[in-house]
Visitor: 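I am attaching a structure below and will ask some questions about it afterwards.
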Amino acid sequence: MSDRRSLLVLNGPNLNLLGTRRPETYGNTTLADVEAQVRDAAEAADLDVAFLQSNHEGALIDAVHAARGVHAGIVINPGAYSHTSIALHDALEAVQPLPVVEVHISNVHRREAFRHHSYVSPQADAVIVGAGVHGYTLAVAHLAHLLAAGG
Ligand code: DHK
């Protein structure tokens, strides 16, 4: 078994449909493609990856809880739960000081007002918005940077 540090990459509801759902907003890249890109970026930083998508709030919360003591950081695109889930906020708070990077593929600030607030952002060390699926690679790079700086 590898003793490399690992990242948990979480995707919330509807992101399993990436590539076919509103391509004008989210692009044509599938979640499988995103996973491959994330694995490449993590490999380059000498990190392992656990990649999970769920349409269920409780499953995402369980995954956050289980990250403690197992993963060195979390990348999370909470999908619409960003805008609704105090429970996800509390779960991320409960696993601090695990570093967290929140990703939104689209620029939520150019979209409907209900997407402008995220309950997750106060728990995130960084928020990457509007960079398309490249945001996941940026998030991995930022976590690698934090881990290299902080040990
Ligand atoms: C993804 C979603 O599914 C939306 O509910 C969010 C986010 C935006 C994204 O841009 O990745 O509002």
Side-chain angles (χ1 to χ4, degrees), residues 6-45 47-68 70-147:
S6 74
L7 304 180
L8 175 63
V9 181
L10 282 176
N11 279 282
N14 301 307
L15 289 160
N16 53 311
L17 301 180
L18 214 52
T20 57
R21 168 194 179 214
R22 290 185 65 96
E24 69 280 14
T25 301
Y26 298 109
N28 298 303
T29 309
T30 67
L31 194 62
D33 295 332
V34 170
E35 179 172 356
Q37 291 171 11
V38 160
R39 289 192 184 283
D40 284 350
E43 185 63 38
L47 293 165
D48 286 330
V49 170
F51 197 91
L52 176 77
Q53 186 276 331
S54 178
N55 295 319
H56 303 278
E57 188 175 14
L60 296 167
I61 291 166
D62 287 344
V64 169
H65 291 175
R68 189 158 47 180
V70 174
H71 298 292
I74 299 176
V75 176
I76 183 166
N77 183 344
Y81 289 141
S82 317
H83 319 303
T84 63
S85 182
I86 298 169
L88 207 45
H89 166 283
D90 288 355
L92 291 164
E93 182 182 57
V95 299
Q96 280 187 3
L98 211 54
V100 174
V101 180
E102 178 184 5
V103 172
H104 296 284
I105 297 165
S106 63
N107 182 352
V108 286
H109 300 291
R110 274 191 185 160
R111 300 181 63 194
E112 303 96 321
F114 63 79
R115 297 184 201 276
H116 295 179
H117 175 263
S118 167
Y119 283 102
V120 168
S121 294
Q123 299 303 331
D125 295 277
V127 181
I128 299 169
V129 168
V133 295
H134 184 53
Y136 292 92
T137 302
L138 295 172
V140 169
H142 186 61
L143 283 176
H145 169 75
L146 290 178
L147 294 173

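For ligands, and for the atoms within them, numbers begin at 1 and follow the listed sequence.
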Visitor: Considering non-hydrogen atoms only, spot the tightest contact between Ala63 and Leu8 and give its length.
Guide: O-CD2, 3.5 Å

Visitor: So which heavy atom in the protein is nearest atom 6 (C) of ligand 1, and how far is it from that ligand atom?
Guide: His83 NE2, 3.5 Å

Visitor: For ligand 1, does Asn77 get within less than 4.0 Å through its side chain, its backbone, both, or neither, judged by non-hydrogen atoms?
Guide: side chain

Visitor: Could a heavy atom of Tyr26 be found less than 4.0 Å from some atom of ligand 1?
Guide: yes

Visitor: Say whether Arg115, considering both its backbone and side-chain N or O atoms, lies within less than 3.5 Å of an N or O atom on ligand 1.
Guide: yes

Visitor: Measure the distance from atom 10 (O) of ligand 1 to every protein heavy atom, then report the residue, atom name and distance (to 0.1 Å) of the closest one.
Guide: Ser106 OG, 2.6 Å

Visitor: Centres of the His134 and Tyr136 rings: under 6.0 Å?
Guide: no

Visitor: Counting only heavy atoms closer than 4.0 Å, does ligand 1 sit against the backbone of His104, its side chain, both, or neither?
Guide: both

Visitor: Check each of Val133, Ile128, Ile105 against atom 11 (O) of ligand 1 and report the one with the nearest heavy atom.
Guide: Ile105

Visitor: Consider only side-chain N and O atoms of Asn55 and Gln53, and report whether a donor and an acceptor are under 3.5 Å apart.
Guide: yes

Visitor: Would you say ligand 1 has an N or O under 3.5 Å from any N or O of Leu15?
Guide: no

Visitor: Pick out which of Ile76, Leu60, Ile61, Ile86 makes a side chain to side chain contact (heavy atoms under 4.5 Å, CB included) with Tyr81.
Guide: Leu60

Visitor: Please state which protein non-hydrogen atom is closest to atom 8 (C) of ligand 1 and give its distance, to 0.1 Å?
Guide: Val108 CG1, 3.7 Å

Visitor: Report the nearest protein non-hydrogen atom to atom 5 (O) of ligand 1: residue, atom name, distance rounded to 0.1 Å.
Guide: Ala80 N, 3.1 Å

Visitor: State, with a plain yes or no, whether a side-chain heavy atom of Leu10 is found less than 4.5 Å away from one of Val75.
Guide: no

Visitor: Which label fits His109 and His116: parallel for a plane angle under 30°, tilted from 30 to 60°, or perpendicular past 60°?
Guide: tilted

Visitor: Set out, in order, the CA-CA distance, both residues' side-chain angles and the distance that settles side chain to side chain contact (heavy atoms under 4.5 Å, CB included) for Ser82 and Tyr119, then state yes or no.
Guide: CA-CA 6 Å; Ser82 317; Tyr119 283 102; over 6 Å; no

Visitor: Heavy atom of Arg21 under 4.0 Å from ligand 1?
Guide: yes

Visitor: Using a strict cut-off of less than 4.0 Å between a Lys/Arg side-chain nitrogen and an Asp/Glu carboxylate oxygen, indicate whether Arg39 and Glu35 qualify as a salt bridge.
Guide: yes

